[in-house]
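A short write-up of the structure that comes next.
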Amino acid sequence: MIPAKKRNLKPFPIFAIIFITSLILSIFFVQKEEAVGAKKIRLLWTNDTHGYLKPLYHKDYYDEDYESLAKKEGKIGGFAHIATLVNKLRNEMPDTTFLFDAGDTWHGTGVPLLEEGKSVVKIMNEMKYDAMAPGNVEFLFPKKVFLARVADSKFPVLALNLSDLEMDELVLKPYVVIDRGGYKLGIMGMAYQWTAKTGERSLTEGWSFGLREKEAANFAKELREKHKVDLVILLSHMGKGPDLKFASRVNGIDVILGAHTHDLMDPASEVKNPEGKTVIVTQAGSHGKNLGRLDVYIKDGKIAKYDHQIYRIIAKEIKPDPKIQKIIDEEYAKYKWMEEIIGSTKTMLYRRAIWQSTMDNFITDTYRRIENADVAFSPAWRFGATIMPGDITVDDVYNMVPTLDHIFSVELDGESIKMALEQSFDNVIAEDPYLQLGGDMIRFSGIEIRYNTKKPLGERIKILKINGKPFDPAKTYKVVSAAGQIQNHPNGVNKKDTGKVAVETLVDYIKKNSPISSRVDDRIKEDK
């Protein structure tokens, strides 16, 4: 231990110790007094589970050495394991615990894709969810399928910002009042505001989304004045940045349980609304890795205090709920062929990263190679299980590309390619949270970029090469993509459907070229 003199520390005045001790005690007693006579409720929630019914490996963008972490904790998540923890927390407060979901739940893996979300809804019904807001991936199903899943749900699916343009009315209920255990909660839902702009428009034709600040404030007022609720909660799929801005601009909301950006918000954020009241904003990560809990003490129509915790679902430490596990086993038993081992990977394949990932580099490199194209694109999805070095199954590939879309080719001029990339930069780094569209940087192959994010839109790309040569704005390049919108680019010509289902093409490629490997490379770098 270093002597006090050498550490240059000065004696701490005794009056300062007394003052700080008194301050801590006063805060404790004030909080205790605030909670006296307060109503306590427990909010549990999930978000962005993306159809991951079973435990998985998942490297997030902030996991620097995930291979070591994975060896230590094993697989994480899984609805049967989440259900066990939900039951435990419910049993502690059986009459005043509420379970919610903030969307991106019914779609994202092989079985839910092939079952059109039925398997996930079946599990959510068994777990007795109280309400849900739809995320953008729920709208990757056709309208008819989406509405069928809403009808199957034994809980309300809410969206105050989803309108039918022809009928000029809301498609879903904007809110629900839950009256249980002597408490009245007003629950509103908000779908992803840019669904019609970033998704496949043919699937939501005739429906509008968008930001609805005025409507949200009016519904919150209605809940308070007409229904006399104790608390107004917004289940939001807008994303962390938009949630924080929304909370600062809309009165009447007490809590926002968010989704879409897969943020792990622990601790929760506190935002002052226009009336100066505090709004609690939180989000619980993604892929079913976590369960969120918010215990709220309500007194005199406001939150007196709260206790917030995000639980990490480490599968080997939580015994799976037998009822939920039975449903999962039955659902997967229908698709035994997905368990086939088709090859192996030498390197860890992961998706979640802002600029590029090993998984998407493999996907786009493969598309470009098999179609002999100049450029390949793939959507900047945030979801996708990590595949550790070792065996690869068919199910793993469906988790990489959970769609039956075909690979398309189109001819695009160099300038259109450059502007598509510029727009993707803007979607990621726009200063106004309301203008942030999509996920991370669009994924590509055959392109090299050097960029400067400090430049304005249209000037961020300093160097652009295609096939190792400086791009020609006027030259036409062959571009391939699947499950994206590049093939529908207005400047595209000679659009062709190859007839190849993207996921099946990847399965076949892995079978023929195993073991595979993929690494992060120099295809995109910041120009300093």
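Checking Tyr129 against Thr46 by side-chain atom types alone, a donor-acceptor pair falls below 3.5 Å. In this structure, a donor-acceptor pair under 3.5 Å is absent between the side chains of Asn361 and Thr358. Using modelled atom types, one finds no donor on one side chain facing an acceptor on the other under 3.5 Å when comparing Asn427 with Gln436. Side-chain polar atoms of Asn218 and Glu222 form no donor-acceptor pair below 3.5 angstrom. There is a side-chain donor-acceptor pair under 3.5 Å between Glu213 and Tyr434. Counting only N and O atoms by type, the side chains of Thr96 and Lys40 include no donor and acceptor under 3.5 Å apart. For the residue pair Asp396 / Thr393, a side-chain donor-acceptor distance below 3.5 Å is found, with atom types taken as modelled. Judged purely by distance below 3.5 Å, without hydrogens or angles, the side chains of Thr261 and Asp263 pair a donor atom with an acceptor atom.
Checked by atom type and distance alone, the side chain of Arg212 pairs as donor or acceptor with a backbone atom of Phe209 at under 3.5 Å. Checking side-chain atoms of Asn161 against main-chain N and O of Gly210 turns up a donor-acceptor pair under 3.5 Å. Tyr52 places a side-chain N or O within 3.5 Å of a backbone atom of Ala385 that can act as its donor or acceptor partner.
Put simply, the side chain of Thr204 does not reach to within 4.5 Å of the side chain of Leu162, judged on heavy atoms. Trp106 places none of its side-chain heavy atoms less than 4.5 Å from the side chain of Val137.
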Audit row: Leu158, Val176, side chain to side chain contact (heavy atoms under 4.5 Å, CB included) steps and yes/no
CA-CA 8 Å; Leu158 310 170; Val176 67; 3.8 Å; yes
So His58 and Lys289, side chain to side chain contact (heavy atoms under 4.5 Å, CB included) or not? Walk me through it.
CA-CA 8 Å; His58 184 259; Lys289 297 186 300 184; 3.0 Å; yes
Enumerate donor-acceptor pairs with a distance under 3.5 Å from any side-chain N or O in residues 225-237 to protein atoms, sequence neighbours excluded.
| unit_1 | atom_1 | unit_2 | atom_2 | d |
| --- | --- | --- | --- | --- |
| His227 | NE2 | Tyr175 | OH | 3.1 |
| Lys228 | NZ | Glu225 | O | 3.1 |
| Asp230 | OD1 | Lys39 | NZ | 3.2 |
| Asp230 | OD2 | Lys184 | N | 2.9 |
| Ser236 | OG | Met238 | N | 3.1 |
| Ser236 | OG | Asp243 | OD1 | 2.5 |
| His237 | ND1 | Ala102 | O | 2.8 |
| His237 | NE2 | Asp104 | OD1 | 3.3 |
| His237 | NE2 | Asp104 | OD2 | 3.2 |
| His237 | NE2 | Asn136 | OD1 | 3.1 |
| His237 | NE2 | His260 | ND1 | 3.4 |

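For the atom pair CE (Met441) and OH (Tyr451), the distance works out to 8.5 Å, reported to the nearest 0.5 Å. A distance of 12.0 Å separates OG of Ser357 from CZ of Phe362, quoted to the nearest 0.5 Å. Note that the OG atom of Ser269 and the NE2 atom of His308 stand 8.5 Å from one another [nearest 0.5 Å].
Partners of Thr97 by side chain to side chain contact (heavy atoms under 4.5 Å, CB included), not counting sequence neighbours, listed by chain and number: Arg42, Leu44, Arg90, Met93.
When each of Arg351, Met400, Met348 is tested with Ile387 by the rule side-chain contact (heavy atoms from CB on, under 4.5 Å), just one qualifies, namely Met400. For the side-chain contact (heavy atoms from CB on, under 4.5 Å) test with Phe155, the passing option among Leu99, Asn125, Asp101 is Asn125; the others fail.
Using a 30° and 60° split on the angle between ring planes, His50 and His287 fall in the tilted class, from 30° to 60°.
Using a 4.0 Å cut-off between charged nitrogen and carboxylate oxygen, Asp130 and Arg180 count as a salt-bridge pair.
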